[in-house]
Amino acid sequence: MIKNISLMVMIVMGGVSFANASGDSAYTLKKHEWPHDGPFGMFDKAALQRGLQVYKEVCSGCHSLDMVAFRELTALGYSTDEVKAFAGEYEFAAGLDDDGEEKFRKGLPQDYFPAPFASEEEARDSNNGALPPDFSLLGKSREHLSMFTPWNSIYGEDYIVGILTTYHEEAPHGVELAEGMYFNETFVGNQIAMAAPLFEDSVEYADGTSASVEQMAKDVATFMYWAAEPKMEARKKMGLKVIIFMSILTIMLYFVNKSVWKNVKNGKEFD
Ligand code: HEC
């Protein structure tokens, strides 16, 4: 019985960790290979750093990143000094000085990314009534979740890449776009209030990678996924430990079970 239970646990664990559920989406999305996919996949740190650069130079004009503090950027492979320097490029309000003038101070590692707009109202006013969603959760919000995909992102990053790479300069024949809307193949209803944010060479990558729209889209999608789930790597490492532990436990239980019942079986008590 014990053996059976532990075997069942093994089978369920194995099923959960290796299943690659192919859930379907309302739109035709291209599935990309992501280094962080799968139960043991880890982030590509160079891609994360490039994604941060795209966020900082392009997206942060409209999208906030409320839940990420600068100090967390060490997870992208930066040293604490680099993080300090990065934070120092931002300015934060620091009350009033003796003359009643507003004071500013440099950002510190413990500060959070500042929001581009002071309020939701201001954000909507600048974006034709639409609200640019906060990036902290967006990386995962369009994910296709199922009980078999605890370690797998199915559509989060692919959806973001889709949004960023399927704009049409003009709406197809017969499609009437509302005022201030843009045609996007991936967005539900195909009309989005965000103008295409990326163009060839929108950024000049610090690591020299050539900045095609697709490249920037993938990098920023990786960054957004990390921002939505900074603990993913730790969780996967823990998952691996649990699997190893369960495997050892199963083997031990198998032998314990065998030796406990050995005498009974030899005595043919159950015949
Ligand atoms: C000029 C402002 C602006 C910039 C710059 C901008 N966005 Fe947006 N974004 C918006 C607005 C507004 C929306 C909401 C669109 C809507 O609801 O129709 C949005 C929505 C989105 C969405 C969500 C789509 C959905 O399913 O709701 C994603 C993903 C996105 N932006 C990614 C990005 C990325 C990545 C960048 C940087 C490369 C970026 N945006 C730059 C204004 C902007």
Side-chain angles (χ1 to χ4, degrees), residues 23-32 34 43-44 47-68 76 113-145 153-169 171 175-206 209-229:
D24 37 36
S25 145
Y27 357 91
T28 336
L29 275 187
K30 217 163 112 192
K31 175 83 187 105
H32 300 268
W34 299 95
F43 286 119
D44 172 351
L48 283 177
Q49 295 194 1
R50 289 193 300 270
L52 169 66
Q53 193 183 341
V54 175
Y55 170 69
K56 188 182 175 205
E57 293 178 20
V58 184
C59 325
S60 67
C62 298
H63 293 275
S64 53
L65 186 57
D66 286 348
M67 271 135 83
V68 180
L76 275 54
F113 276 85
F117 301 105
S119 63
E120 181 178 328
E121 212 181 355
E122 200 183 290
R124 284 189 191 276
D125 281 351
S126 311
N127 287 285
N128 198 26
L131 183 68
D134 183 81
F135 267 9
S136 312
L137 298 173
L138 196 57
K140 292 201 77 198
S141 62
R142 304 293 181 189
E143 197 170 13
H144 178 97
L145 287 177
S153 91
I154 297 301
Y155 286 129
E157 313 91 307
D158 295 316
Y159 174 78
I160 292 163
V161 173
I163 289 280
L164 297 171
T165 56
T166 60
Y167 276 93
H168 289 211
E169 256 172 56
V175 176
E176 196 73 36
L177 283 183
E179 175 88 19
M181 299 299 264
Y182 305 86
F183 189 87
N184 187 292
E185 264 179 52
T186 307
F187 197 63
V188 185
N190 298 131
Q191 299 205 28
I192 188 165
M194 170 171 74
L198 293 174
F199 300 93
E200 194 80 17
D201 296 321
S202 287
V203 304
E204 197 182 329
Y205 275 131
T209 301
S210 94
S212 65
V213 171
E214 171 105 2
Q215 180 70 48
M216 290 181 285
K218 283 182 174 169
D219 291 339
V220 79
T222 304
F223 174 71
M224 286 168 72
Y225 188 78
W226 169 80
E229 225 205 331

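Please read all numbers here as calculations on a predicted model, not as lab measurements. Counting starts at 1 for both ligands and their atoms, following the listed order.
Only the side chain of Pro197 comes within contact range of ligand 1, with a heavy atom under 4.0 Å; no backbone atom does. Contacts with ligand 1 closer than 4.0 Å are made by no heavy atom of Val188, backbone or side chain. For Pro133, every heavy-atom contact with ligand 1 shorter than 4.0 Å involves the side chain, none the backbone.
The minimum heavy-atom distance between Leu164 and Tyr167, with the atom names listed, is O-CD1, 4.2 Å. Taking both residues in full, the closest heavy atoms of Pro116 and Ser60 are given as CB-O, 3.2 Å, listed atom of the first, atom of the second, then distance.
Residue-to-ligand polar distances keep Ala130 apart from ligand 1: every N/O pair is separated by 3.5 Å or more. For ligand 1, the polar-atom distance check against His63 finds a nitrogen or oxygen pair separated by under 3.5 Å.
Side-chain contact between Glu214 and His32: present, with at least one pair of heavy atoms (C-beta onward) separated by less than 4.5 Å. In this structure, the side chains of Met194 and Phe187 stay at 4.5 Å or more apart for every pair of heavy atoms.
Remark: ligand 1 atoms within the under-4.0 Å shell around heavy atoms of Asn127 are 1 (C), 2 (C), 12 (C), 42 (C). The atoms of ligand 1 that sit less than 4.0 Å from any heavy atom of Leu198 are 38 (C). Of all atoms in ligand 1, listed by their number and element, those nearer than 4.0 Å to a heavy atom of Val220 are 35 (C).
The heavy atom nearest to atom 24 (C) of ligand 1, out of those in Phe223, Phe187, Tyr182, Tyr55, is found in Phe187. When the options Phe117, Tyr159, Phe135 are ranked by their closest heavy atom to atom 33 (C) of ligand 1, first place goes to Phe135. The closest heavy-atom contact to atom 13 (C) of ligand 1, among the options Gly180, Pro132, Gly162, comes from Pro132. Residue nearest to atom 14 (C) of ligand 1, selected from Ile160, Leu131, Leu164: Leu131 (by heavy-atom distance). Nearest residue to atom 36 (C) of ligand 1 from Ala195, Cys59, Ala123 is Cys59 (criterion: closest heavy atom).
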Taking it one step at a time, do Glu185 and His168 satisfy side-chain contact (heavy atoms from CB on, under 4.5 Å)?
CA-CA 8 Å; Glu185 264 179 52; His168 289 211; 2.7 Å; yes
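In this pair, Phe113 and Tyr55 present their aromatic rings perpendicular. The plane angle is above 60°, beyond the 30 to 60° band.
Sorted by first then second residue, the salt bridge (charged side-chain N to carboxylate O under 4.0 Å, His left out) pairs that include residues 121-139, not counting sequence neighbours, are Glu120-Arg124.
Counting only N and O atoms by type, the side chains of Trp34 and Asp158 include a donor and acceptor under 3.5 Å apart.
At least one donor-acceptor pair closer than 3.5 Å links the side chain of Gln53 to the backbone N or O of Ala206.
Atom 8 (Fe) of ligand 1 has no N, O or S atom of Cys62 under 2.8 Å away, backbone or side chain.
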